[in-house]
*Asks:* 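Here it is, the structure in full.
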Amino acid sequence: MTREFFTYEAYIDRYKTFWSEEGDGRPEIMSREGFQQSMHLLQDCYETYRNMIQLGQEQEASRYYLNIINPLENELAIADGTDNFL
């Protein structure tokens with residue numbers, strides 16, 4: 001993934017694409033500081049997820065992804081971003 005992916009400006013572009021249709025559940029646009037905090041959190045979450053998989057905890061990892069990572073990806077307007085921090 002390119003460095004540009006991690007910028008606030010790239011997030012704004014993704015947000016406009018990802019949330020192009022108004023509807024329920026559309027999050028507010030994050031502040032620059034909120035974006036940076038959430039990206040760091042997401043990076044930590046991906047690491048935890050990969051560790052769970054390596055330890056053979058597939059069911060727990062699946063629930064973790066569904067309940068923790070996926071909502072955070074949606075807030076950051078990232079579609080299936082598990083490879084973004086490799």
Side-chain angles (χ1 to χ4, degrees):
M1 195 59 51
T2 64
R3 286 185 80 67
E4 291 81 24
F5 179 85
F6 300 101
T7 66
Y8 184 71
E9 292 73 20
Y11 156 70
I12 297 296
D13 288 341
R14 284 193 313 270
Y15 181 93
K16 290 176 183 176
T17 301
F18 193 79
W19 296 105
S20 61
E21 295 184 28
E22 292 189 34
D24 294 341
R26 182 179 181 171
E28 298 277 326
I29 292 179
M30 292 181 183
S31 68
R32 188 174 296 273
E33 295 78 22
F35 164 76
Q36 291 170 343
Q37 290 174 347
S38 293
M39 285 297 279
H40 289 295
L41 177 59
L42 184 60
Q43 183 176 10
D44 293 343
C45 288
Y46 286 150
E47 185 176 332
T48 298
Y49 174 78
R50 284 190 292 273
N51 289 340
M52 294 171 93
I53 295 293
Q54 288 176 347
L55 293 171
Q57 301 171 331
E58 287 87 6
Q59 293 221 359
E60 292 87 351
S62 177
R63 283 192 296 271
Y64 184 78
Y65 187 90
L66 181 65
N67 294 308
I68 305 297
I69 294 176
N70 188 254
L72 190 53
E73 287 176 335
N74 288 344
E75 287 180 25
L76 289 163
I78 298 172
D80 189 23
T82 56
D83 64 346
N84 291 323
F85 293 98
L86 296 177

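The figures that follow rest on heavy atoms only: side chains count, while hydrogens, waters and symmetry mates do not.
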*Asks:* What are the two closest non-hydrogen atoms of Thr7 and Ala10, and how far apart are they?
*Replies:*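 Scanning both residues completely, I find the closest heavy atoms to be OG1-N, 3.0 Å.
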*Asks:* Taking side chain to side chain contact (heavy atoms under 4.5 Å, CB included) as the definition, give me every residue that meets it alongside Asp13, ordered by chain and number, with sequence neighbours left out.
*Replies:* none
*Asks:* Are the side chain of Tyr15 and the backbone of Pro27 linked by a donor-acceptor contact shorter than 3.5 Å?
*Replies:* yes
*Asks:* At what distance, to the nearest 0.5 angstrom, does CD of Gln43 lie from OG of Ser38?
*Replies:*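 Answer rounded to 0.5 Å: 13.0 Å.
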*Asks:* Which residues pass the side chain to side chain contact (heavy atoms under 4.5 Å, CB included) test with Asn51, not counting sequence neighbours?
*Replies:* Glu47, Gln54
*Asks:* Checking Trp19 side chain against Asn74 main chain: does a donor-acceptor pair fall under 3.5 Å?
*Replies:* yes
*Asks:* With sequence neighbours excluded, what pairs up with Tyr64 under the ring-ring contact (aromatic ring centres under 6.0 Å, His included) test?
*Replies:* none
*Asks:* Can you name the salt bridge (charged side-chain N to carboxylate O under 4.0 Å, His left out) partners of Glu9, sequence neighbours left out?
*Replies:* Arg32
*Asks:* Is any side-chain heavy atom of Arg14 less than 4.5 Å from a side-chain heavy atom of Thr17?
*Replies:*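 They are not in contact (no side-chain heavy atoms under 4.5 Å apart), so the answer is no.
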*Asks:* Counting C-beta onward and ignoring hydrogens, is there a side-chain heavy-atom pair between Met39 and Ile78 closer than 4.5 Å?
*Replies:* yes
*Asks:* Nearest 0.5 Å, please: how far is CG in Leu42 from CD1 in Ile68?
*Replies:* 11.5 Å
*Asks:* Using modelled atom types only, decide if a donor and an acceptor are shared between the side chain of Tyr11 and the backbone of Met30 within a distance under 3.5 Å.
*Replies:*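 Checked: pair present.
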*Asks:* Looking at side-chain heavy atoms only, is the closest gap between Phe18 and Leu76 below 4.5 Å?
*Replies:*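 No, too far: nothing below the 4.5 Å cut-off.
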*Asks:* Mind checking side chain to side chain contact (heavy atoms under 4.5 Å, CB included) for Ile12 and listing every partner two or more places apart, or none if nothing turns up?
*Replies:*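 By the side chain to side chain contact (heavy atoms under 4.5 Å, CB included) rule, Ile12 matches Tyr8, Lys16, Ile29.
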*Asks:* Roughly how far, to the nearest 0.5 Å, is the CG atom of Leu72 from the OH atom of Tyr46?
*Replies:*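 Between atom OH of Tyr46 and atom CG of Leu72 there are 7.5 Å.
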*Asks:* Under the salt bridge (Lys or Arg N to Asp or Glu O under 4.0 Å) definition, can you give me all pairs with a residue in residues 52-72, not counting sequence neighbours?
*Replies:* none
*Asks:* So which atom in Pro71 and which in Leu66 form the shortest heavy-atom distance, rounded to 0.1 Å?
*Replies:* CD-O, 3.4 Å
*Asks:* Determine whether Met52 and Tyr65 satisfy the following criterion, side-chain contact (heavy atoms from CB on, under 4.5 Å), listing intermediate values before the conclusion.
*Replies:* CA-CA 11 Å; Met52 294 171 93; Tyr65 187 90; over 6 Å; no
